[in-house]
Amino acid sequence: MKICVIGAGAIGGLLAAKLAHAGEEVSVIARGAHLVAIAKNGLTLIEEGETIVAPVVASDRIADLPQQDLIILGMKAHQVAAVVGDLPEIMGPNAIVLTAQNGIPWWYFFGQGGPHEGVRLHSVDPGGMIADNLPVRHVIGSVVYPAAEIEKPGVIRHIEGNRFSLGELDGSKSERITQVSEAFTKAGFKAPVVTDIRSELWTKLWGNLSFNPISALTHATLEDICRFAPTRALAAEMMREAQTVGEALGIRFRISLEKRIAGAEAVGAHKTSMLQDVESGRAIEADALIGSVIELGRTVGVATPHMDAVYALVKLLNETLTRAKGKLAVTPA
């Protein structure tokens with residue numbers, strides 16, 4: 001397969017390196033020092049004490065690449081709209097586009113039928129930019145479980161996890177998704193094809209929508225949040241609201257709320273991705289992780305007061321970080 005990973009950061013870089021090492025023809029879209037390092041030295045992956053250097057084609061221009069069989073969108077949800085207009089340059093009539101973002105995806109109400117079929121979510125697709133430029137027939141979904149980080153430009157460190165659940169939006173087990181699953185499996189991932197990708201998205205999101213924003217606001221680890229009674233209670237209230245929203249949409253939560261919280265506590269002194277973004281001065285995934293669930297709540301008539309309050313605080317934090325970054329960018333050296 002010809003595979004292009006757009007957004008070869010931590011997770012995108014992990015996928016690109018392992019797929020290339022397994023023999024796939026892989027290109028990556030990156031930028032800055034990361035791109036320079038990959039172009040010069042290849043994409044390096046450190047995993048379980050071993051180091052591999054994967055041969056990939058690297059560019060910062062999608063249009064420079066030939067047509068691809070599989071396009072993996074590896075960037076964060078708020079960055080997808082910026083690239084979809086360029087995708088037709090490398091998409092053939094049968095190209096597959098795999099979304100690998102956290103949170104509620106822009107395609108949530110596409111391909112499932114029911115009363116909300118085709119409803120667009122403004123929180124994750126403002127103005128419908130993604131839906132207008134990326135035909136949903138090309139799209140398959142995923143739930144990303146691994147943790148990885150960019151150790152330095154051109155070098156990805158795999159921390160833990162190797163599961164990428166894959167799903168057609170209509171729940172079918174198609175020939176094309178089986179082909180993607182086989183390629184991922186050959187590269188060393190667990191890549192089951194699931195028939196209800198939305199329920200699995202919710203299971204992961206259930207914790208992310210509460211622990212991520214609380215950690216971003218308090219700079220606390222998962223362990224800290226779960227062991228401090230007031231924040232544990234706040235997380236539980238947010239999760240109860242989300243569960244009510246999900247169940248109104250037909251989602252089945254296969255574990256209890258308390259078990260989900262206990263699982264987060266067991267991870268220990270881990271900084272959530274949103275806290276890492278705050279510490280690095282990067283934009284926060286507020287809309288994909290919590291704003292989208294609030295919007296879904298409005299769609300089905302479920303009130304979400306605890307999520308509303310935390311979302312307002314996180315959005316203000318994001319505005320503050322953005323302004324601070326802008327001031328730094330124009331400060332003379």
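Because the structure is a prediction, the values reported are computed rather than measured.
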J.: Evaluate the criterion side-chain contact (heavy atoms from CB on, under 4.5 Å) for residue pair Val53 and Asn41; output intermediate values, then yes/no.
T.: CA-CA 8 Å; Val53 179; Asn41 304 313; 5.9 Å; no

J.: Do the side-chain N and O atoms of Asp224 and Thr221 include a donor-acceptor pair separated by under 3.5 angstrom?
T.: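 Yes, side-chain donor-acceptor contact under 3.5 Å.
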
J.: Report yes if some heavy atom in the side chain of Trp202 is under 4.5 Å from a heavy atom in the side chain of Ile104; otherwise report no.
T.: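 Counting from C-beta outward, Trp202 and Ile104 do come under 4.5 Å.
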
J.: Check whether any side-chain heavy atom of Thr51 sits under 4.5 Å from a side-chain heavy atom of Thr44, and report yes or no.
T.: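 The answer is yes, as the side chains (C-beta and beyond) meet within the 4.5 Å cut-off.
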
J.: Test your reading of the model: is there a side-chain donor-acceptor pair from Glu295 to the backbone of Ser123, 3.5 Å cut-off?
T.: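 Flag set: sc Glu295 to bb Ser123 pair under 3.5 Å.
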
J.: Surrounding CD of Glu50 (heavy atoms of other residues, nucleotides or ligands, distance under 6.0 Å), is the total greater than 12?
T.: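 Check fails, neighbour count at 12 or below.
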
J.: Kindly compute the distance separating CG (Leu313) from OG1 (Thr218), expressed to the nearest 0.5 Å.
T.: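 Answer rounded to 0.5 Å: 11.5 Å.
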
J.: Hydrophobic clusters here meaning ILVMFWY residues chained together by side-chain heavy-atom distances under 4.5 Å, can you tell me if Met274 and Leu205 are in one?
T.: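 Yes, Met274 connects to Leu205 through the hydrophobic network.
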
J.: Quick one: does Glu247's side chain get under 4.5 Å of Arg252's, heavy atoms only?
T.: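 Contact flag for Glu247/Arg252 side chains = no.
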
J.: Looking at CD1 of Ile214 and CZ of Arg232, how far apart are the two atoms once the value is rounded to the nearest 0.5 Å?
T.: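 These two atoms lie 11.5 Å from each other.
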
J.: Write down the atom of Arg260, the atom of Met239, and the distance for their closest heavy-atom approach.
T.: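 Heavy atoms of Arg260 and Met239 come nearest at CG-CE, 3.5 Å.
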
J.: Are any side-chain N or O atoms of His116 and backbone N or O atoms of Phe109, one a donor and one an acceptor, separated by less than 3.5 Å?
T.: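 Not a single qualifying donor-acceptor pair exists.
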
J.: Which heavy atom of Val28 sits nearest a heavy atom of Ala16, and at what distance?
T.: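 Looking at all heavy atoms of both residues, the shortest contact is CG1-CB, 3.6 Å.
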
J.: Using the ring pair (Phe, Tyr, Trp, His ring centres under 6.0 Å) criterion, which residues pair with Phe164? Sequence neighbours excluded.
T.: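 Checked Phe164 against ring pair (Phe, Tyr, Trp, His ring centres under 6.0 Å); matches are Phe184, Phe189.
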
J.: Verify side-chain contact (heavy atoms from CB on, under 4.5 Å) between Leu121 and Tyr108, making sure each step is shown before the conclusion.
T.: CA-CA 8 Å; Leu121 296 173; Tyr108 190 85; 4.0 Å; yes

J.: Does the Thr322 side chain pair with the main chain of Asn318, one donor and one acceptor, at a distance under 3.5 Å?
T.: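 Indeed, once roles are kept as given, a pair shorter than 3.5 Å links the two residues.
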
J.: Would Glu265 and Ile225 satisfy side-chain contact (heavy atoms from CB on, under 4.5 Å), going step by step from the backbone distance to the final call?
T.: CA-CA 8 Å; Glu265 183 177 1; Ile225 294 167; over 6 Å; no

J.: I need the full list of side chain to side chain donor-acceptor pair (under 3.5 Å) pairs touching residues 6-33, with sequence neighbours left out, sorted by first then second residue.
T.: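 Sorted result for residues 6-33: Lys18-Glu47.
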
J.: Any side-chain to backbone donor/acceptor pair from His34 onto Ala8? Under 3.5 Å, distance only.
T.: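 Pair found, side chain donor or acceptor close to backbone of Ala8.
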
J.: Is there a continuous path of hydrophobic side-chain contacts, each under 4.5 Å between heavy atoms, that joins Ile62 to Met1?
T.: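 In one cluster: no.
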
J.: For residues Asn133 and Leu87, determine if any side-chain heavy atom of one lies less than 4.5 Å from a side-chain heavy atom of the other.
T.: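 Counting from C-beta outward, Asn133 and Leu87 never come under 4.5 Å.
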
J.: To the closest 0.5 Å, what do you measure between CG (Leu134) and CZ (Phe110)?
T.: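 If I round to the nearest 0.5 Å, the distance is 10.0 Å.
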
J.: Looking at every heavy atom in both Leu201 and Gly103, which two are closest together, and how far apart are they?
T.: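 For Leu201 and Gly103, the tightest heavy-atom pair comes out as CD2-O, 4.1 Å.
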
J.: When rounded to the nearest 0.5 angstrom, what is the spacing between CG in Leu289 and CD in Gln101?
T.: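 Here the interatomic distance stands at 11.5 Å.
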
J.: When you measure from the side chain of Ser199 to the backbone N and O of Asp196, does any donor-acceptor pair fall under 3.5 Å?
T.: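 Judged by distance alone, no pair lies under 3.5 Å.
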
J.: As a quick check of understanding, evaluate side-chain contact (heavy atoms from CB on, under 4.5 Å) for Arg120 and Asp132, giving each step before the final call.
T.: CA-CA 10 Å; Arg120 299 184 179 194; Asp132 285 342; 2.8 Å; yes

J.: Flag yes if more than 12 heavy atoms outside Lys271 fall under 6.0 Å of its NZ atom; otherwise flag no.
T.: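 Count not over threshold, so no.
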
J.: With a 4.5 Å heavy-atom cut-off, do Asn212 and Glu285 have their side chains touching?
T.: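 Result no, sub-4.5 Å side-chain heavy-atom pair not found.
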
J.: Any salt bridge linking Lys173 with Glu168? Criterion: basic side-chain nitrogen under 4.0 Å from a carboxylate oxygen.
T.: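 No, no charged N to carboxylate O under 4.0 Å.
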
J.: Taking all non-hydrogen atoms of both residues into account, name the closest pair between Ala288 and Asn102 and its distance.
T.: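 Answer, listing the atom of Ala288 first, then Asn102: CB-O, 3.7 Å.
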
J.: Short question: side chain of Thr231, backbone of Phe228 - any donor-acceptor pair under 3.5 Å?
T.: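 Present.
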
J.: From Glu241 CD over to Met307 CE, what is the distance, rounded to the nearest 0.5 angstrom?
T.: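 Between atom CD of Glu241 and atom CE of Met307 there are 5.0 Å.
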
J.: Given side chains that start at C-beta, do those of Met238 and Tyr311 come closer than 4.5 Å, heavy atoms only?
T.: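 No, every pair of side-chain atoms sits at 4.5 Å or beyond.
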
J.: Examine distances only and state if a side-chain atom of Arg61 and a backbone atom of Ile29 form a donor-acceptor pair shorter than 3.5 Å.
T.: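 No, the answer is negative, given that no donor and acceptor are paired below the 3.5 Å cut-off.
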
J.: Is the backbone of Ala63 close enough, under 3.5 Å, to the side chain of Asp86 for a donor and an acceptor to pair up by distance?
T.: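 Absent.
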
J.: Is a side-chain N or O of Ser142 found less than 3.5 angstrom from the main chain of Val144, in a donor-acceptor match?
T.: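 A pair under 3.5 Å: no.
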
J.: Any heavy-atom pair between the side chains of Leu217 and Leu317 that's under 4.5 Å?
T.: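 Leu317 reaches Leu217 side chain to side chain.
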
J.: Work out which heavy atom in Ala216 is nearest to a heavy atom in Val278; give both atom names and the distance.
T.: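 Of all heavy-atom pairs spanning Ala216 and Val278, the closest is CB-CG2, 3.9 Å.
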
J.: Do you know the tightest heavy-atom contact between Ile130 and Asp125?
T.: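 So the minimum-distance heavy-atom pair works out to N-OD1, 2.8 Å.
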
J.: Any sub-3.5 Å donor-acceptor pair from His138's side-chain atoms to Ala95's backbone N or O?
T.: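 Yes: the side chain of His138 pairs with the backbone of Ala95.
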
J.: Could you name each residue pair satisfying ring pair (Phe, Tyr, Trp, His ring centres under 6.0 Å) that touches residues 55-107, not counting sequence neighbours?
T.: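 For residues 55-107: none.
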
J.: Any ion pair linking Glu182 and Lys186 (charged N to carboxylate O, less than 4.0 Å)?
T.: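 So Lys186 does not pair with Glu182 through a salt bridge.
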
J.: Within the structure provided, determine whether Val97 and Leu73 are in side-chain contact (heavy-atom separation under 4.5 Å).
T.: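 Side chain of Val97 against side chain of Leu73, heavy atoms only: contact under 4.5 Å found.
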
J.: Report yes or no: do Ile72 and Ile140 belong to one cluster of Ile/Leu/Val/Met/Phe/Trp/Tyr joined by side chain heavy-atom distances under 4.5 Å?
T.: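 Linked within one cluster.
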
J.: Can you tell me if Ser165 and Arg163 form a side-chain donor-acceptor pair at under 3.5 Å?
T.: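 Side-chain D/A pair, Ser165 to Arg163: present.
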
J.: Any side-chain donor-acceptor pair under 3.5 Å between Arg298 and Thr304?
T.: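 There is such a pair between these side chains.
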
J.: In the single-linkage hydrophobic clustering (I, L, V, M, F, W, Y; side-chain heavy atoms under 4.5 Å), do Ile52 and Leu43 co-cluster?
T.: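 Same cluster.
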
J.: Within the 3.5 Å criterion, strictly below it, is a donor on Asp287 or Ser292 matched to an acceptor on the partner's side chain?
T.: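 No - no donor-acceptor pair under 3.5 Å links their side chains.
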
J.: More than 12 foreign heavy atoms under 6.0 Å from CE of Met129: is that the case here?
T.: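 Incorrect, the count does not exceed 12.
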
J.: Measuring from Gln68:CD to Met91:CE, what's the distance to the nearest 0.5 Å?
T.: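 The distance works out to 11.5 Å.
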
J.: If two hydrophobic side chains count as joined below 4.5 Å and joins carry through other members, does Leu45 share a cluster with Val155?
T.: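 Cluster IDs for Leu45 and Val155 differ.
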
